[in-house]
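Chain A is the first sequence line, chain B the second, and so forth, proteins listed ahead of strands; every chain is numbered from 1.
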Amino acid sequence: MHLLLVDGSAYIFRAFHALPQLNRKSDGLPVGCVQGFCSMLYKLTEDLKGEDAPTHMAVIFDHSGKTFRDDIYTEYKAQRPPAPVELVPQFPLTRAATRAFSIPSIEMEGWEADDIIATYARLAREAGGKATIVSSDKDMMQLIEPDGSIRMLDTIARPGQPPLRWIGMDEVFKKFGVTPDKVIEVQALCGDSVDNVPGVPGIGVKTAAELINTYGTVENLLEHADEIKQNARREKLKANADLALVSKRLVTLSQDVPVELDIDALIRQPMEPSNLFPFLKAMEFATITKRLSGKLEANPDDFEADPEYAATAVPGAVGFDNAARAESRAARHEATGRSNAATVAHAAAEHARVRAIPFKPEDYEIIRDAAALQRWIDAIEMTGHVATDTETTGLDNQTADLVGLSFSIAPGTSAYLPLGHTDGEADIFGGGGLVEGQMDIRLALDMVKPLFADPSILKIFHNAKYDIGILARYDVAVKSVDDTLLLSYALDGPQFNTMGELGEHWLGFAGQSIKDLIGSGKKQITFAQVKIEDGARYAAEDADMTMRLWQVLKPRLVAENMTTLYETIDRPLAPVLARMEGRGVNIDRAILSRLSGEFAQRAAAFEAQAYELAEQTFNLGSPKQLGEILFDKMGLEGGTKTKTGAWSTGADVLEDLALKGVPLARTIVDWRQLNKLRSTYTDALPAYINERTGRVHTTYSQHSVLTGRLSSNDPNLQNIPVRTEDGRKIRSAFVAAPGKILVSADYSQIELRVLAHIADIQALKDAFEEGLDIHAMTASEMFGVPVEGMPSDIRRRAKAINFGIIYGISAFGLANQLGIGRGEAGDYIKTYFERFPGIKDYMEEQRRKVKEDGHVSTIFGRRINFPNAKSHNPSERAFVERASINAPIQGSAADIIRRAMIRMEPELNKARIDADMLLQVHDELIFEVPLGTESAAIPVIKRVMEGAAEPAVRLTVPIQVDANAAGNWDEAH
DNA sequence: GCAAGGACGTA
DNA sequence: GTACGTCCTTGCA
């Protein structure tokens, strides 16, 4: 008899740390360890042949919870960190894998796997057989027998080593310096920091082995302790005799576990295809499935993936396709709802654990010299990850100066490194000198630089893009980043923005407000002027808070299937945006200044005209005063009121009045237009030119928009005018730098194409495939007019309907847009749905989904939440319905361009094209390239943009990108 | 000095 | 009918 005992828990942990954890299944669940585990089980059956072939087999796991060792020594394994988030969901899966291979999976409450293994090994030996323990855990070495009846086998794959390595007497002696029967004696003395076995302080393996080889056992050693010559050693032993004895009990494996299955129950069973393949298919393990199908002579296609473990959402099938697929998806969702229970529970437990840790500002450290900084760097390298934050003199990372850095390696363990605090009164030259007690900024940055560049150390920021931008200006590159702001965005959307809001919500503590430190308004100071001690408390708390939020939010990623979205779309985009912001865009100050004068003059003329027509002066910028003049004083008919009871004076109202012969209305419309262009663009933009770079640097927000779009602010470069002739003059002030040229590339009709894909509308898809004018085609389908020679008004109506569809159409809105009656608009919509019934199905599906789940999704799995979906207010509910129809369309298009942006720079580099991506305007990317290289750049840019959905989603419509080059943005567009 | 509302620029 | 940000006025602190 040969019993093979696999130490399942040890294998998973060792494999997790020994192998790169790259494998995930299609819903983002990490399964690298499960895969390694399955390969190992398969390999064992392949490699253990002849006399090594086992006749009996079992896989043993640790049971969660307390064991008898916790009663002996309360600190046992107390310092062990919680299992890595990626690993937790894999625990139940390895049990399932064991069962799939028709092998008994054994775990027992109150016992460690090691004890169960020891017991079975003894039973096998007593029955006259032998046992092989598949493990490399040193704690098991005590079981090895010199006669070979109990052996160990290490199967963790390592480069350059044979796949299976036997551990016998020699290996044990090498490790402990004693024979296996003395291993527990040595361990009792030297202890084990991993399991927190105390041992005798100051005695290591070497000394312990020497002592045991002389005295045989711990007990005998303690009895003869007085004979030991070395003073220190003798005293340590005598003082810690109790610890040594307790340690021995801790490391001694119990061989008397009351096992439930007796050894006959462990006889090897043949693999059963109907057991095996459903699991392997659910895990999406193609290679091993293929190998086993050959071996078992079974066809895996005959089996369905086990619904309990299969992926929730297949990318490309998210959103709506047709009723049948939606149904099967719902079924899968249910199924994984169960299989994800462990990950959900883990996330909740982490939240509870972290929330319970109190904040202690008095524990924060201030790093004032190189020695202290080196200690922190060493600790960070040990930990492998660090929450970090930059403190600066302002909100704009293109102008703010670095004042300090904070680091946290665990909740409550945090430090501040002050670098640029100044004293004295600020003068016009930027303030007083540096305060004492700070490291030289260059020296400190040189010390932390390798840390930030080290890909094996994860840097956790809150809004990494800001800090990456600051650090880049100090020549510090950052690799391997997590971002609590983006984690929160992927999980909850733009619900929480600031760290204070996140802290308040998840930890019940908002943290110190920056206003308390620097004040606000006129009396506001910069962080550089804050006292170091005060700044330290704030900054260290920020890093501490970031670390806590990361520990709360990161596990939710797996539990809520958002890992792929976060890791492949949101997180990698941040450094791309940081570079775009850093590059800025060149604008021609002279053009804007000339336009400013022109607009001001023309506006003044309209102003004078307005006073004349109104027969009084008033503030043209005041809708209130205007409304009173038009509707009260002049007594015009048909005025409507806004929700606050004020007269409505929007452009559409004034336009109406103008047509009815009210010249004042036209004058106001024209004045407002010019005034808008002047105040928002020609006057404001030059003030944004950065002195250092001579360019305008916008700030993108990656976490503000419900649907996944970006937004742009300070200044907003996503709403530069284009529709009117005056507006385009402003656009022409965005110019390429000397020797360069601008390339503008925009997606053609991306949202309608996305709609055609998700709602699966064949007529629309065909039209795009054939390159038809989509609005004319719609008009022709709806009104039965041939495309050739179609009246422009008919096409205009169809265009409005197409846009209306994307916006979640209502008869009311369409009527408003087209200036027709509600009845007529309703008829249009009815006709449209008759011609494209799939669209109606899509809309109903989204309405149903949002009501049921409170969210809808993009084709890449981005979730868009609508907490209002069940509102009792009918108009609020109608709004949610329209928005939930629009969100998957707008959001999927936004995901596509995000993916294009992430891939753009590597692809341009690969093609050896020197092109700088400067701006994104939702469906358009603007680049600056050396003059003459535009014709080489454009094909690459188009290829990346057009293929951006692949391979995650195979779109069923062609994507078209139009690109042009010119010296300014107006002509390139 | 700040928040809300109205208006208007973009996709 | 969707999604944003900015400027200006108004009203209140």
Cationic N near anionic O, under 4.0 Å, [X] to [Y]:
| X | Y | value |
| --- | --- | --- |
| A:D570 | A:R862 | yes |
| A:E655 | A:R672 | no |
| A:D827 | A:K830 | no |
| A:R728 | A:E725 | no |
| A:D895 | A:R899 | no |
| A:E598 | A:K729 | yes |

Apply side-chain contact (heavy atoms from CB on, under 4.5 Å) to [X] and list each qualifying residue two or more places apart in sequence or on a separate chain.
| X | value |
| --- | --- |
| A:N816 | A:F812 |
| A:P958 | A:R753, A:F768, A:E769 |
| A:K870 | none |
| A:T699 | A:K465, A:E581, A:N713 |

What are the bounds, 5' to 3', of the part of DNA chain C that sits under 4.0 Å from heavy atoms of chain A?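 Reading along DNA chain C, I get C:dG1 to C:dG11.
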
For residues 639-648 of chain A, which residue pairs pass the side chain to side chain donor-acceptor pair (under 3.5 Å) check, not counting sequence neighbours? A:D632-A:W647, A:T642-A:T644

Contact class for [X] vs. all strands (heavy atom < 4.0 Å): base, sugar-phosphate, or nothing?
| X | answer |
| --- | --- |
| A:A651 | sugar-phosphate |
| A:A800 | base |
| A:L706 | sugar-phosphate |

Examine distances only and state if a side-chain atom of A:D588 and a backbone atom of A:I591 form a donor-acceptor pair shorter than 3.5 Å.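 Flag set: sc A:D588 to bb A:I591 pair under 3.5 Å.
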
Got a sec? Which of [range] come in under 4.0 Å of DNA chain B, heavy atoms?
| range | answer |
| --- | --- |
| residues 707-720 of chain A | A:R709, A:Q718, A:N719, A:I720 |
| residues 663-684 of chain A | A:R672, A:Q673, A:K676, A:Y681 |
| residues 618-626 of chain A | A:P623 |

With A:F783 via ring-ring contact (aromatic ring centres under 6.0 Å, His included) - residues at least two apart: A:Y828

Can you name the residues that form a ring-ring contact (aromatic ring centres under 6.0 Å, His included) with A:F836, not counting sequence neighbours?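 ring-ring contact (aromatic ring centres under 6.0 Å, His included) list for A:F836, sorted by chain: A:Y832.
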
If only side-chain N and O atoms count, and only distance matters, is there a donor-acceptor pair under 3.5 Å linking A:Q718 with A:Q920?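 Present: a donor and an acceptor within the cut-off.
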
Chain A contact limits on DNA chain B, taken 5' to 3' with a cut-off of 4.0 angstrom to heavy atoms: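 Terminal contacting nucleotides, 5' to 3': B:dG1 to B:dA11.
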
5′-ward residue of the pair A:Y688/A:R882 relative to DNA chain C: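 Of the two residues, A:R882 wins.
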
